[in-house]
Structure formats: C-alpha cells, structure tokens
Amino acid sequence: VREDDVELAELAKAAGFAASGEVLVTTWMSTPERPEVRPIRPGFELVARSDRLSEPHHMIKRNGDAVAERLAECTLYQPGLDLAVYTLDGELAAYAVFWADPETGVGLLEPMRTEDRFQQLGLARHLLAAGLERLGTRGCSRLKVSYVERNDAARRLYLGAGFRPSSSTSTYSRAG
C-alpha cells in the first residue's frame with residue numbers, strides 16, 4: 001500500500017491486515033543523469049549472461065536450478081542485460097538483472113546482489129553504472145529501482161548514483 005494512500009491502508013486494516021513494518025522505496029532518474037561507467041576494480045571482470053549461455057546461471061545459488069529457464073520465459077528478459085561480476089579466478093562477486101521495456105521507455109533494475117565478502121569494493125557501483133548505460137543504449141529514457149527502506153547500503157548506492165525517491169509502500173499481511 002502506498003504510504004500516501006490512507007484510504008487503502010484503512011481498508012486493509014478493516015479486512016484484518018496489518019502493516020508489517022517493511023517499507024519499499026521507489027526511486028527514479030532520467031537516463032541522461034545516469035552515472036559515468038568507470039573502470040572496474042583490478043582483479044574483477046564484468047560479464048553478461050549472453051557471453052556465458054552454456055554455463056550454469058550465476059543466480060542458481062539463490063534462485064534454484066531453473067532460474068535460467070524462468071528468466072527466459074519473461075518477455076522483457078535480455079541476456080545482455082543480465083550482468084555479473086566475477087573474480088579473475090571465476091568466483092561470483094556480484095550480479096544484477098536490468099530490464100528494458102521498449103513500450104514505456106522505462107529501464108528497471110531487479111535484483112541486485114553483492115556477495116558478502118566482496119562488499120565495499122565498488123563492485124556494485126560499477127555494476128549499476130554499466131547496467132544503466134546498457135539500458136540507455138536500448139532506448140530507455142527513465143530508470144527505476146526500488147529498495148527496502150532499512151537497507152542502508154542500497155539506499156546509499158542508489159541515491160548516490162542519482163536516483164531520487166518518488167514514493168514508498170508498506171507491506172500488509174494478515175496475522176495468523
């Protein structure tokens with residue numbers, strides 16, 4: 001429920017739902033405002049899924065063996081926008097999937113993850129900038145990403161890159 005939709009929040013409460021406390025912040029930026037892509041940190045490489053289609057998908061660990069098949073079922077999925085950062089030894093460090101909608105001109109980022117031991121190395125910043133650049137070359141005029149409000153790392157990354165909050169929503173669930 002959007003934070004500014006008081007009527008819907010009241011209807012949810014009357015139907016036995018309660019706010020869970022999780023707030024999702026939605027942010028936007030216009031494509032010309034996207035950050036510059038700077039070189040990746042030495043010892044790492046950025047790889048598109050389209051370059052490694054014969055290998056297991058990099059999100060199997062968190063999303064199961066059928067992740068590649070499920071993504072391929074999505075009409076907006078493009079393997080060239082499914083990016084991962086690897087060490088030069090082939091260890092997965094970070095990944096993100098970018099989605100370009102040619103009808104609306106909106107580019108979306110979801111999901112994004114940096115593995116714990118590779119955080120604070122600038123990899124997410126590089127991955128974000130590289131993905132936004134690819135969305136721009138595919139005709140996206142507006143860029144969107146959402147994050148959980150209590151995730152300070154995501155907030156710093158996205159707002160630091162130039163995204164601006166536009167709305168927030170609260171999750172409601174029924175007790176029991």
Side-chain angles (χ1 to χ4, degrees), residues 24-64 66-148 151 153-167:
L24 189 68
V25 178
T26 299
T27 67
W28 291 88
M29 107 174 23
S30 72
T31 302
E33 297 171 335
R34 68 189 181 274
E36 172 186 351
V37 181
R38 297 193 175 162
I40 196 166
R41 184 184 187 97
F44 295 90
E45 65 176 334
L46 178 70
V47 177
R49 177 73 183 144
S50 56
D51 297 328
R52 294 193 175 177
L53 290 173
S54 63
E55 297 178 15
H57 195 281
H58 50 266
M59 293 192 316
I60 282 178
K61 180 180 174 183
R62 292 191 179 275
N63 296 280
V67 66
E69 292 80 10
R70 288 193 318 267
L71 285 169
E73 292 173 351
C74 300
T75 57
L76 295 180
Y77 177 72
Q78 297 178 39
L81 294 175
D82 186 346
L83 306 178
V85 174
Y86 288 92
T87 66
L88 297 182
D89 295 331
E91 184 178 358
L92 178 65
Y95 59 83
V97 181
F98 296 84
W99 305 84
D101 186 336
E103 293 297 316
T104 64
V106 171
L108 172 70
L109 163 57
E110 173 63 31
M112 183 171 198
R113 166 117 180 109
T114 302
E115 299 297 335
D116 292 346
R117 70 185 214 93
F118 296 107
Q119 292 182 4
Q120 301 296 315
L121 299 177
L123 301 177
R125 191 169 37 255
H126 177 81
L127 185 58
L128 177 63
L132 297 178
E133 180 67 25
R134 289 178 187 217
L135 289 173
T137 64
R138 283 171 172 78
C140 294
S141 59
R142 290 181 18 121
L143 307 169
K144 176 183 178 182
V145 67
S146 297
Y147 64 91
V148 175
N151 185 335
R155 179 184 49 75
R156 285 191 308 272
L157 175 66
Y158 301 138
L159 299 184
F163 282 94
R164 296 292 164 247
S166 67
S167 64

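What you see below is based on every heavy atom in this structure, not just the backbone, and it leaves out hydrogens, waters and symmetry mates. Model, not experiment: these values are computed from the prediction.
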Practice task
Check the pair Thr31, Leu135 against side chain to side chain contact (heavy atoms under 4.5 Å, CB included), reporting the backbone distance first and the verdict last.
Solution key: CA-CA 8 Å; Thr31 302; Leu135 289 173; over 6 Å; no
Handout entry: Trace of the side chain to side chain contact (heavy atoms under 4.5 Å, CB included) decision for Val145 with Met112
Key = CA-CA 10 Å; Val145 67; Met112 183 171 198; over 6 Å; no
Exercise for the section: Apply the test side chain to side chain contact (heavy atoms under 4.5 Å, CB included) to residues Lys144 and Thr26: give CA-CA distance (whole Å), side-chain angles for both, the deciding distance (0.1 Å), then the verdict. Expected result: CA-CA 7 Å; Lys144 176 183 178 182; Thr26 299; 3.5 Å; yes
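Taking the side chain as every heavy atom from C-beta outward, Pro165 and Leu159 approach each other to under 4.5 Å. Pro111 has its side chain out of reach of Arg62: every pair of non-hydrogen atoms, C-beta onward, lies at least 4.5 Å apart. Counting heavy atoms from C-beta outward, Lys61 and Glu115 have side chains that approach closer than 4.5 Å. Side-chain contact between Phe98 and Leu143: absent, with no pair of heavy atoms (C-beta onward) separated by less than 4.5 Å. Using a 4.5 Å heavy-atom threshold, the side chains of Leu109 and Phe163 count as separate.
The shortest heavy-atom contact between Arg52 and Val47 is NE-CG1, 3.5 Å. Contact between Ala100 and Leu76 at its shortest, heavy atoms only, is O-CD2, 3.6 Å. Taking both residues in full, the closest heavy atoms of Arg41 and Leu123 are given as CB-CD2, 4.3 Å, listed atom of the first, atom of the second, then distance. When all heavy atoms of Ala130 and Leu83 are compared, the closest pair comes out as C-CD1, 4.3 Å. In this structure, Gln120 and Arg156 approach most closely via the heavy-atom pair NE2-NH2, 4.3 Å. The shortest heavy-atom contact between Leu71 and Trp99 is CD2-CH2, 3.8 Å.
Using the six-membered ring where Trp is involved, His58 and Tyr95 have ring planes that are tilted, between 30° and 60° apart.
Side-chain atoms of Gln78 and Arg134 include no donor-acceptor pair closer than 3.5 Å. Between the side chains of His57 and Asn63, no donor N or O sits under 3.5 Å from an acceptor N or O.
Identified under the salt bridge (Lys or Arg N to Asp or Glu O under 4.0 Å) test for residues 86-112, with sequence neighbours left out: Glu91-Arg117.
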